[in-house]
Protein chains: 2
Amino acid sequence: MPPSGRPRADARANRERLLAEADAVFREHGTDASLEAIAKRAGLATGTLYGHFRTRRALLSALMGDRNEALFTAGDALADEPPAVALRTWIDLTVVHAATYRGLAAHLADGTDDASSELHASCVRMAAITHTLVRRAADAGVIRPSTTAADLSMLITACAWAREHASPERAGRLIDQVLNGVFVPPHS
Amino acid sequence: MPPSGRPRADARANRERLLAEADAVFREHGTDASLEAIAKRAGLATGTLYGHFRTRRALLSALMGDRNEALFTAGDALADEPPAVALRTWIDLTVVHAATYRGLAAHLADGTDDASSELHASCVRMAAITHTLVRRAADAGVIRPSTTAADLSMLITACAWAREHASPERAGRLIDQVLNGVFVPPHS
DNA sequence: CTACTAAGTCGAGGCTACCTCGAATTGACC
DNA sequence: GGTCAATTCGAGGTAGCCTCGACTTAGTAG
């Protein structure tokens with residue numbers, strides 16, 4: 001009776017296949033794609049997929065794993081940059097991240113306040129980085145003091161959502177508009 | 001053989017029932033709600049629903065009919081207001097409009113450039129009003145000249161989407177952020 | 001090498017929803 | 001009241017979700 005904490009070799013391999021196919025299918029059809037199609041493409045039965053990932057969100061969460069780590073690392077590294085640059089870079093990074101698959105932004109938006117979601121931890125981590133950068137930018141006086149990290153997170157996610165419905169270039173312009181404002185500032 | 005261009009009385013009544021129940025169900029469950037449930041609540045067979053509205057979007061479109069008219073009227077009336085006020089009012093109106101049902105914003109975003117959609121006409125009309133107001137605001141110098149009506153439409157829809165995932169108050173703050181900018185403007 | 005067992009896999013099957021179509025019904029007009 | 005086109009009905013085919021018990025197999029120990 002070997003209580004080896006490690007999954008069986010075939011299980012590990014199957015998990016990888018599932019993740020690979022899920023990535024491909026989600027890229028092509030968005031996060032609402034058929035899970036059965038993913039299992040089929042991986043040459044596995046649907047029950048096997050559900051054995052590895054109990055819900056669609058669990059699958060999504062696992063899929064974002066590596067990518068999240070990279071994002072967090074990049075986010076932490078921004079501590080050395082000037083506040084305005086750091087914030088802008090972070091925003092660009094997260095928008096691209098949240099627009100990985102069509103439909104992902106909605107999951108992230110809900111994940112922020114739905115603690116039961118497997119994506120919640122990632123959302124919290126992202127929020128923390130955003131918070132730090134916002135605070136630093138506010139202290140430096142480069143953003144309006146009334147801007148909260150929570151609001152900015154929502155704006156970022158909204159831009160990611162917009163990116164799903166328009167071209168990346170267009171999404172880039174939208175970020176500019178959001179950051180610099182639509183209205184011309186009043187003369188001081 | 002009366003080629004009366006008008007539908008039969010029962011058909012008209014059924015159509016009204018379907019619209020009423022659809023409104024209720026969409027309000028409760030969003031635009032992805034079950035169409036069969038709507039038919040059932042209206043006491044009709046699913047085939048009847050499909051007879052009246054060939055697609056979900058057609059139903060959605062019919063549902064927005066009256067509401068759209070009111071919005072367009074209000075939009076046209078804004079011609080008398082000062083440019084900045086007019087634009088801001090229009091934005092508030094459209095965000096609320098686009099957030100009528102959870103999921104509607106996505107349909108509107110796609111409808112703008114999907115000419116085959118039944119929502120397309122409404123989207124075009126809305127875009128036209130936005131265009132007029134943006135132009136007037138730009139001429140008056142209250143918004144950045146680089147702001148296009150298309151981009152602003154997308155921003156509006158994105159705010160409406162955000163409203164589906166947060167409180168109305170929060171959404172209002174987001175609109176403020178978008179219009180006034182996150183960054184503090186450079187000193188002139 | 002064999003036998004054992006827990007871990008993993010399979011896929012049929014129950015469910016819900018979508019949408020279509022031919023048969024049955026019924027309102028409108030003569 | 002008869003006629004017929006408009007309308008309604010709902011069964012049925014398709015697809016996707018998810019579960020569960022039966023089956024298979026990797027990994028270990030003797």
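Note that these values count all heavy atoms, side chains included, but never hydrogens, waters or copies made by symmetry.
Not one side-chain nitrogen or oxygen of Ser34(B) sits closer than 4.0 Å to the OP1 or OP2 atom of dT16(C). Considering only side-chain N and O atoms, His52(A) lies nowhere under 4.0 angstrom from the phosphate OP1 or OP2 of dG8(C).
Rounded to whole Å, the distance from CZ on Arg12(B) to C1' on dA6(D) is 13 Å. Between the CG atom of Asn14(B) and the P atom of dT26(C) there is a distance of 12 Å, rounded to whole Å. In this structure, CD of Glu36(A) is placed 12 Å from C1' of dC15(C), rounded to the nearest angstrom. Distance NZ (Lys40(B)) to C1' (dC18(C)): 15 Å, rounded to an integer number of Å. Remark: P of dC10(C) and CG of Asp10(A) are 9 Å apart, rounded to the nearest angstrom. Between the P atom of dT20(C) and the CG atom of Leu35(B) lies a distance of 12 Å, rounded to the nearest Å. For the pair Arg56(A) CZ and dC18(D) P, the computed distance is 7 Å after rounding to whole Å. In this structure, Tyr50(A) atom OH and dC20(D) atom P are separated by 13 Å, rounded to whole Å.
Electrostatic pairing of Asp76(B) and Arg125(B) counts as a salt bridge here, judged by a charged N lying under 4.0 Å from a carboxylate O. For the pair Asp176(A) and Arg88(A), the salt-bridge criterion is met [side-chain N within less than 4.0 Å of a carboxylate O].
Positionally, the nearest nucleotide of DNA chain C for Ala45(A) lies more toward the 5' end than for the other of Asp32(B) and Ala45(A). Each of Thr46(B) and Arg15(B) lies near DNA chain D, and the nucleotide nearest Arg15(B) is the one positioned closer to the 5' end.
Side-chain contact check for Asn68(B) and His97(B): at least one donor-acceptor pair (N or O, by modelled atom type) lies under 3.5 Å.
The residue Gly47(A) sits close to a base: some heavy atom pair falls under 4.0 Å. At the heavy-atom level, Ala33(B) lies under 4.0 Å from the strands shown only through sugar-phosphate atoms.
Checking His165(B), Glu164(B), Arg163(B) one by one against Arg102(B), the side chain to side chain contact (heavy atoms under 4.5 Å, CB included) holds for a single residue, Glu164(B).
Checked against dG8(C), dC9(D), dG27(D), the side chain of Ala9(A) finds its nearest nucleotide in dG27(D). Minimum atom distance to the side chain of Thr48(B) is reached by dC9(D), of the listed dT9(C), dC9(D), dT7(D).
For a distance-only test at 3.5 Å, the side chain of Arg8(B) qualifies as a donor-acceptor partner of the base of dA6(D).
Panel note: side chain Arg144(B), backbone Gln177(A); no donor-acceptor pair is recorded below 3.5 Å.
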